[in-house]
Every structure is written in structure tokens, then in C-alpha cells.
Amino acid sequence: MVDKKEALAGLDDGAIASAQKSAESRKLSGKYVLPLQNTTQQPDLVSLTDRTTREALFNQSWTRAEKGDANDTRQTITEIAQLRAEKAALFGYPSFAAYTLYDQMAKTPAAVNDFIHQLVPATAAEQHREAAELQKAIAEDHQSFTLKPWDWNYYAERVRKQKFDLNQNDVKPYFELHTVLTDGVFYAATQLYGITFEPRKDIPVYNPDVLVFEVKDEDGSPLGLMYFDYFKRDNKSGGAWMSNFVGQSDLLKTRPVIYNVANFTKAAPGQPQLITSDDVTTMFHEFGHALHGLFASQTYPSLSGTAVARDFVEFPSQFNENWAMDPKVFAHYARHYKTGAAMPDALVAKIKKAAHFNQGYALGEIVAAAQLDMSWHGIAADAPRQDADQFEAKALAETGLDVANVPPRYRSSYFLHIWGNGYSAGYYAYLWTEMLDQDVYSWFQSHGGLTRENGQRFRDLILSKGHTMDYGPMFKAFYGKDPEIGPMLAHRGLTADNK
Ligand SMILES: [Zn+2]
């Protein structure tokens with residue numbers, strides 16, 4: 001909360017008006033209240049020019065659940081951690097992480113911790129490089145203070161604007177939704193897997209904007225149905241996801257009926273349906289889950305398609321994202337909606353370069369959070385009840401990352417994923433699946449890329465398997481070795497020898 005409008009300099013008029021409204025609704029007239037979202041960094045920190053306001057906002061975020069009031073969660077989380085360790089001991093496991101990882105691909109806390117440790121050197125090196133760059137931007141701004149977490153996003157935005165400002169209005173004319181779907185998403189799937197898509201206007205839909213396609217195998221036999229529900233509506237949940245209306249099962253003699261949902265902004269009537277580069281990625285991502293469901297070939301529904309471990313389920317979807325920027329696929333769908341012209345090379349280069357910006361921060365905050373999760377769930381049943389602040393400080397200090405400038409994406413006291421949302425000893429899964437998808441994409445690259453042969457191999461050995469075998473052997477059967485982090489770091493613009 002701030003008393004003066006000047007303290008909010010940098011925010012747009014709409015944000016200032018809503019901060020004023022927010023204060024009024026709390027009967028704090030003449031004041032301004034900024035919202036907090038559930039991550040350590042706050043969106044307003046990109047724009048606020050007053051450093052005192054930035055610091056105050058950051059500190060409110062960091063200590064939101066540590067104020068000694070009714071919303072202080074520290075006693076609760078230390079009790080949860082202790083009870084989970086006791087539960088694991090009842091099942092004969094040394095820690096909750098060991099208990100919960102047994103049916104995941106990683107299998108053991110040691111494998112997860114080893115994976116996290118491998119990511120640290122390149123991430124820390126990039127964090128130091130980025131911090132130095134931001135310190136320079138601070139000097140160029142005629143300031144003499146030392147960079148702090150509340151300055152990071154503000155100065156990163158300045159650097160980003162100077163170096164890689166990618167304007168979505170420049171790229172959108174090349175991304176028309178129906179062209180992206182048929183000439184991009186479907187095209188890649190046809191090249192890789194031989195499947196084709198026939199529009200089915202005769203099948204009932206729950207909203208007139210929903211598209212339905214019958215998916216056919218290479219020999220023309222039916223594989224399943226695909227529904228696409230892409231547009232934002234007032235009564236629709238946010239975000240994007242894939243699920244099944246009907247799951248595949250030989251036992252029940254059912255073929256998959258799958259839907260992809262997103263929340264794209266619908267164009268005005270008569271206007272072309274243009275989307276952003278993030279939307280394009282979302283379409284390829286959700287369709288990657290759909291392929292995992294369509295190619296399912298299991299007897300039992302509980303092991304079919306996407307019914308797989310947390311540290312495996314995002315592998316097919318993230319893998320499919322790669323085809324969005326694959327030169328052959330990109331050239332096929334990214335065409336100007338009016339002229340049909342290909343996107344200029346300079347603009348394509350800008351999209352690729354922008355993806356590498358600020359990755360020391362982006363990766364570092366997730367690695368730190370993943371380590372915090374593993375530390376809390378590595379506690380032994382006979383360990384004493386922990387002190388939340390001391391435990392967290394020690395766990396973060398041991399990461400080897402620049403946690404002073406790049407704090408974890410979630411602090412222990414507001415890490416909802418691990419305490420309440422089923423990601424206990426599982427937050428690493430986001431990074432683990434990235435390792436898998438980048439490693440496999442690099443395999444494709446070194447074996448000729450977008451070919452039917454490569455696609456068939458991926459379908460036979462990964463996409464059609466569901467959870468009918470362990471994931472480690474499944475990966476190895478495809479690749480001939482265990483997954484490695486090199487391609488993932490390269491994809492983010494970091495390299496292992498970047499130290
Ligand atoms: Zn996903």
C-alpha cells in the first residue's frame with residue numbers, strides 16, 4: 001500500500017486506477033493498494049520506477065506468509081513436512097521424497113538431486129553474467145546502488161527492449177490460427193506420423209466455435225476424434241489444457257476422443273484470426289498431449305495414453321513444441337495472412353534470439369524452488385521439527401546458485417505446488433521433462449529431423465506406450481542411452497561449459 005500516486009510512477013493509468021479502487025474497497029481512501037500474485041516476483045516490478053516502492057512490493061511478496069499473524073504458514077508447513085516424513089517411514093521409506101518418487105521416471109531422490117546439481121554450474125554462470133549486465137544498466141541509468149531482486153525485472157526489461165524487442169504486432173500477421181493448425185500442427189503430425197485430419201461438421205459441438213476433426217491413420221483407418229476449443233469465453237477457465245472425452249482402451253473397446261482447450265482472444269467479426277507466437281507454441285504443446293492420447297494402445301484405461309508419471313507427462317507435449325520453430329514446418333505455416341509471403345529472416349531471428357533472454361533468472365528461480373522442494377521432502381522421520389526460516393536459508397545457500405539476486409520462484413511459506421497441489425518432491429518434473437524433450441529433439445536433428453521414419457520410431461517406442469513399462473527403459477529403448485542435460489541447456493542459450 002502506498003500513500004501517494006507518485007510512488008506508482010511507471011504503471012499505466014489503468015493499473016493506478018485499479019490500485020486506487022482496491023484501496024477504496026478496503027476503506028483506505030486516498031491510498032493505493034497493489035495486488036500480489038503467487039510468485040516471488042511481481043508483474044508490477046517490471047514497470048515501477050520508484051525503487052522504494054519496488055523494494056516494499058518485493059518484501060511484501062517475500063514475507064506475505066511470515067508476518068506472525070493468522071496467515072503465517074510456517075508452523076503448518078513444518079508440521080506437514082514432519083508428518084510426511086513419518087508417513088514415509090510407516091511405508092518403509094527413508095523420506096517422503098523416496099516414498100513418492102518410486103513410480104516416477106527419476107525413481108529416487110538421489111537421481112533428482114543429481115539432476116538439479118548438474119543444472120547449477122551453467123545456470124549460476126549465466127546468472128552472474130546477467131547480473132553484471134543489469135549492474136551496467138543501473139550505471140547507465142545514473143544510479144549507484146547494488147542490484148537487488150526488486151531491481152532485476154525492471155532493468156532486465158530495459159535491456160530486453162534495447163537488445164531484442166520483439167513486437168507481437170509484427171509477427172501476428174504471419175500467424176493465422178487456421179493456417180497454423182492445418183499447415184503447421186497437422187502438417188508436422190502428417191510428416192512425422194502419417195496421420196491425416198478430416199473436418200467433421202456433422203458432429204455436435206458444445207459451442208459454435210469448437211472445431212472437430214476425425215483423425216485417420218496412414219492406411220485410412222480411424223484413430224480417434226479431435227476437438228479444438230481455442231477461444232476465451234466469460235464462463236471458461238483460464239489457461240490451456242488437453243484431456244479426453246473418451247479414453248483409449250482395448251478392454252472397453254474405446255477409441256480416443258480428445259480435446260485441446262486454450263484461451264485465445266477471438267478476432268472481431270470479419271477480421272482474420274491472428275495469434276501471438278506464444279499462442280502458436282501453446283497449440284503445438286497441447287497437440288503433443290493429444291498425440292500421446294491418440295496413439296495410445298493399451299488394454300487398461302488406467303495405463304493408457306497420458307495416464308503417466310508427473311515427470312514424464314509433459315515430455316510429449318514439450319517435445320511437440322519444437323516443431324513450431326523447426327525451419328521446414330515454420331516455412332510451411334508462417335505466411336502472411338494477406339500476401340502469403342514467408343516471414344522475413346530478420347524477424348524469425350528475432351523470435352529465436354528473444355527466447356534466450358534472461359534464462360539465468362528464469363531457469364535459476366525454478367531450480368532453486370525445485371531444490372527447496374527436495375530438501376523439505378528429504379527430511380528423515382526421526383529429525384526434529386524444523387525452523388522454517390533456518391531450514392530454507394540453509395537449503396538455498398547449498399544450491400550454489402545466486403539466490404541473493406535470484407530467489408526461488410516460490411518461498412517455502414507460499415509454495416502451494418508442494419504443500420497443497422500434489423507436487424511434493426515433484427516440482428523438478430517441469431525441468432526433467434524439458435531435459436527429455438530437448439534430448440530427443442536433438443536425436444531427431446542428428447537423424448534427419450522431420451521424417452516418417454523418425455516419427456514412427458517415436459510413436460512406436462514412446463507415444464503408444466502409456467505407462468505399460470518403466471520410463472527409464474522406455475527412453476533408453478528409443479535413444480539407446482539415458483537422458484542428458486546438454487541439449488536442454490543449449491536450447492535455453494546456456495551451455496554446460498559456459499563457466
Ligand atoms: Zn502440458
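From a predicted model like this one, the values you see are computed outputs, not experimental measurements.
Between Glu126 and Arg492 there is no salt bridge, since no side-chain N of the basic residue sits under 4.0 Å from a carboxylate O of the acidic one. For Asp229 and Arg233, the salt-bridge test passes: some basic side-chain N is under 4.0 Å from an acidic carboxylate O. With respect to the salt-bridge test (charged N to carboxylate O, under 4.0 angstrom), the residues Glu55 and Arg51 do not qualify. A salt bridge links Arg74 to Asp72: at least one charged side-chain nitrogen sits closer than 4.0 Å to a carboxylate oxygen.
Taking the centre of each ring, Phe444 and Trp323 come in below the 6.0 Å mark. Aromatic rings from Phe312 and Tyr471 are positioned such that their centres are separated by under 6.0 Å. A ring-centre distance under 6.0 Å is not found for Tyr230 and Phe287. For Phe228 and Tyr259, the distance between ring centers is not under 6.0 angstrom. The aromatic ring centroids of Phe295 and Tyr193 lie less than 6.0 Å from each other. Remark: aromatic rings of Phe458 and Phe315 are close, center separation under 6.0 Å.
Lys67 and Gln60 form a side-chain donor-acceptor contact under 3.5 Å, judged by distance and modelled atom types alone.
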Where do Lys465 and Asp460 land on the salt bridge (Lys or Arg N to Asp or Glu O under 4.0 Å) test, with the steps shown first? CA-CA 7 Å; Lys465 292 288 184 202; Asp460 289 346; over 6 Å; no
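Remark: side-chain polar atoms of Asp439 are paired, donor with acceptor, to backbone N or O of Glu484 under 3.5 angstrom.
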